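Atom set for the values below is all heavy atoms of this structure, side chains included, hydrogens, waters and symmetry mates excluded. Given the structure is predicted, the values throughout are model-derived calculations rather than measurements.
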Amino acid sequence: MKIYNTLSGTKEEFVPLKEGKVNMYACGITVSGEAHIGHAYQALIYDVIRKYFIKKGYQVTYARNYTDVDDKIIAKSNETGIPADEYAENMIKVIDKEMARLKVGEPDVWLKATETIDDIIAFVSGLVEKGYAYPTKNGDVYFAVEKFPSYGKLSHRNLEDALNGVRIDNDEEKKNPLDFALWKSAKPGEPFWESPWGKGRPGWHIECSAMNKKAFGTEIDIHGGGRDLIFPHHENEIAQTEAYTGKPLAKYWIHNGLIKVNGQKMSKSLGNSLFLKDLLDRYSPETIKLALLSTNYRGDINVTDDLFPEAEAHLLDFYSVYKLAKEKGVVIDGEDKVIDDEFNAAMDNDFNTALAISNLFVYFKKIKAKLNSGDFSCGNTLAQIKKTYSLLGLFETDAEEFIKAYGKEEKIPDEIVSFAEEMQKARSVKDYATADALRAKITDAGYTVKINKDGYSIEKK
RNA sequence: GGCGCCAUAGCCAAGUGGUAAGGCACGGGUCUGCAAAACCCUCACCCCCAGUCCGAAUCUGGGUGGCGCCUCCA
């Protein structure tokens, strides 16, 4: 099994720290707003990865966090008048609900920054004691990057490189512009906790280090997150944890690509964020998953107008094969080892869900051909596809239900049906002028009539 | 400016040494009064240059182009 490790920049054979066990951690959401498609993508990927490890027989512990105290949350709190902790708590509930709607599995361990404050303070104290961090007279505590020689090893930049890019105004109290806050003193009106350095709250990076330590102790197998977190977030996590524990934070670092919308980065300032809620209102959860998993997790996904509609059309097509098989009396049961083997082979190569999904088209094409030629020996294959691809969250709906819910066959108004009936009558007596006129009426009303061997069908356009 | 990632047909997208999966679109065909749908078929030497090798989309070097990060970000 191969995994691309950001740390080495190569695909590596996966060897767990402890045989048969996988400890993984993924950086979750800062709950200053609702979940967007990028959050969903990230949550989905690590859930799939977790499930695959379980399938391979590993005992997996998967931890995820919520950052529930930060500048943006405080800003939102001031904006809305809702206390910051309450705002964060509500947002977590909303996000959890949406993720559940998408049917993304929950991690084994949920962590929240505000529930880890004691650990964070102990962590920061330890770093100060060891000389890796220093408090300022304002009550802030900074990590001294120069004290950590391998700073930059994840993002592959050295201190000089990184320094080169610094472009923000810096706190004069900092010894090095790259030093980052472990603890921030509270300004009037901000939420705070008592600490050896006065009233304050944790910096972003230290939360993850402390939560990781809380959940797993020292070194973990896999640490994941969005690619935008490599620098500085994950770089800083490494510095903190390794300075403190003297041991590597994680053996494998994996990073998923980001979502773009029509070629542009999704951002608040551009106003082009796609919220999970809106997508779920328009498409089935399986559609969203199929679309997102059709690209390797490391690549960016460019969401264009037809990405989701196309995925939904594919799913409808797949489900229609199940429906057809059922109608032909095929008993969907049994095993097909080839399907599962091919799936595993794809996933063993850095979780290649894109390849696994493209295989589906080949399978269904063959099954369809079989069914149409009167060969009904595909019940085992159909059963296996359901079983194997449930790992990606696909084919978990009853075929008829799915088609009913997301297909184009909606209730057709009686008027339209009667037009179609008349049209058929006209056609039977070769009165094509009348037939065409009726067809035009139906089309104008927003429907399409399809003539086929057995009669006709009407679809909404 | 620094660092990183990427570059495969009109579009999306697999493929890490042996002569290019899959999807969408296009084109052709079967069917059809017409049309739609369905089904079948067709469609790329892999950004450029040089090198390594019997052999490279796949490895090395150099270009060119795009993106990301360096400020909060999944």
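Partners of A/Asp140 according to the side chain to side chain donor-acceptor pair (under 3.5 Å) rule, which considers only residues two or more places apart in sequence or in another chain, are A/Ser185. The side-chain contact (heavy atoms from CB on, under 4.5 Å) test applied to A/Asn344 returns A/Tyr52, A/Lys55, A/Asp340, not counting sequence neighbours. Contacts of A/Asn5 classified as side chain to side chain donor-acceptor pair (under 3.5 Å), with partners at least two apart in sequence or in another chain: A/Glu12. For A/Asp228, the side-chain contact (heavy atoms from CB on, under 4.5 Å) partners at least two apart in sequence or on another chain are A/Leu258. Under the rule for a side-chain contact (heavy atoms from CB on, under 4.5 Å), the partners of A/Pro248 that lie at least two apart in sequence or sit in another chain are A/Glu219, A/Glu242. For A/Tyr46, there are no ring-ring contact (aromatic ring centres under 6.0 Å, His included) partners at least two apart in sequence or on another chain.
Residue pairs that meet the salt bridge (charged side-chain N to carboxylate O under 4.0 Å, His left out) test with at least one member in residues 87-99 of chain A, sequence neighbours left out, do not exist here. Annotation: salt bridge (charged side-chain N to carboxylate O under 4.0 Å, His left out) contacts involving residues 427-440 of chain A, sequence neighbours excluded, are absent.
Under the Watson-Crick and G-U wobble criteria, each requiring two contacts below 3.5 Å, nucleotide B/rA21 is left unpaired. Base pairing analysis places B/rC67 opposite B/rG4; the two distances defining the Watson-Crick or G-U wobble pair are each below 3.5 Å.
Rounded to whole Å, the distance from CG on A/Asn359 to P on B/rA13 is 18 Å. One interatomic measurement links the two molecules: CG of A/Leu324 to C1' of B/rA38, which rounds to 12 Å at whole-angstrom precision.
B/rC46 sits 11 Å from B/rG15 when the C1' atoms are compared, rounded to a whole Å. On the C1' atoms, B/rG62 is 35 Å away from B/rU71, given to the nearest whole Å. Here, B/rG66 and B/rC47 have their C1' atoms 11 Å apart, quoted to the whole Å. Going from the P atom of B/rA56 to that of B/rC49 covers 14 Å, rounded to whole Å. The gap from the P atom of B/rA44 to that of B/rG22 amounts to 12 Å, rounded to the nearest Å. Nucleotides B/rU42 and B/rG33 place their C1' atoms 29 Å apart, quoted to the nearest Å. B/rU32 and B/rA25 have their P atoms separated by 24 Å, given to the nearest Å. Distance check on atom P: B/rC53 versus B/rG68 gives 40 Å, rounded to whole Å.
Taking the side chain of A/Lys368 as heavy atoms from C-beta on, and the options B/rA74, B/rC70, B/rC39, the nearest nucleotide is B/rC39. The nucleotide whose nearest atom lies closest to any side-chain atom of A/Gln42 is, among B/rA35, B/rA13, B/rA74, B/rA74. Closest approach to the A/Cys27 side chain among B/rA74, B/rA14, B/rC72 is made by B/rA74 (side chain taken as heavy atoms from C-beta onward). For A/Phe361, counting side-chain heavy atoms from C-beta on, the closest listed nucleotide (B/rC69, B/rC6, B/rG23) is B/rG23. Closest to the A/Phe231 side chain, of the nucleotides B/rA35, B/rA74, B/rC70, is B/rC70. Taking the side chain of A/Lys260 as heavy atoms from C-beta on, and the options B/rA74, B/rC67, B/rC6, the nearest nucleotide is B/rC67. Among B/rG33, B/rC72, B/rG22, the nucleotide with an atom closest to any side-chain atom of A/Val362 is B/rG22.
In this structure, A/Lys386 satisfies the cation-pi test against A/Tyr322, with its NZ or CZ atom closer than 6.0 Å to the six-membered ring centre and inside 45 degrees of the ring normal. Taking the ring centre of A/Phe231 as origin, the terminal cationic atom of A/Arg157 falls inside the region bounded by 6.0 Å and 45° from the ring axis.
Residue A/Thr30 has no polar side-chain atom (N or O) positioned under 4.0 Å from OP1 or OP2 of B/rC72. Look at A/Lys265 and you'll find a side-chain N or O under 4.0 angstrom from OP1 or OP2 of B/rC69.
Across the interface with RNA chain B, nearest-nucleotide mapping of A/Tyr46 and A/Arg298 shows A/Arg298 to be the residue nearer the 5′ end. For the pair A/Gly9 and A/Gly225, both in contact range of RNA chain B, the more 5′-proximal nearest nucleotide belongs to A/Gly9.
For A/Phe14 and A/Tyr252, the distance between ring centers is under 6.0 angstrom. Within the 6.0 Å centre-distance limit, the rings of A/Phe395 and A/Tyr319 are counted as a close aromatic pair. For A/His205 and A/Phe180, the ring centers are positioned less than 6.0 Å apart.
Checking A/His234 against A/His255 by side-chain atom types alone, a donor-acceptor pair falls below 3.5 Å.
Taking a 4.0 Å limit (strictly below) on heavy-atom distances, residues 307-319 of chain A reaches RNA chain B at A/Glu310, A/His314. Only A/Ser155, A/His156, A/Arg157, listed by number, bring a heavy atom of residues 145-160 of chain A to less than 4.0 angstrom from any atom of RNA chain B. RNA chain B is contacted by A/Asn349, A/Asn352 of residues 343-352 of chain A, taking any non-hydrogen atom closer than 4.0 Å.
A pairwise comparison of heavy atoms in A/Phe192 and A/Ala186 identifies CB-CB, 3.6 Å as the closest pair.
Here the CH2 atom belonging to A/Trp183 is positioned 13.5 Å from the OG1 atom belonging to A/Thr136, to the nearest 0.5 angstrom.
Across all strands shown, A/Ile37 has no heavy atoms under 4.0 Å from either base or sugar-phosphate atoms.
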Protein and nucleotides 57-65 of chain B: nitrogen or oxygen contacts under 3.5 angstrom:
none

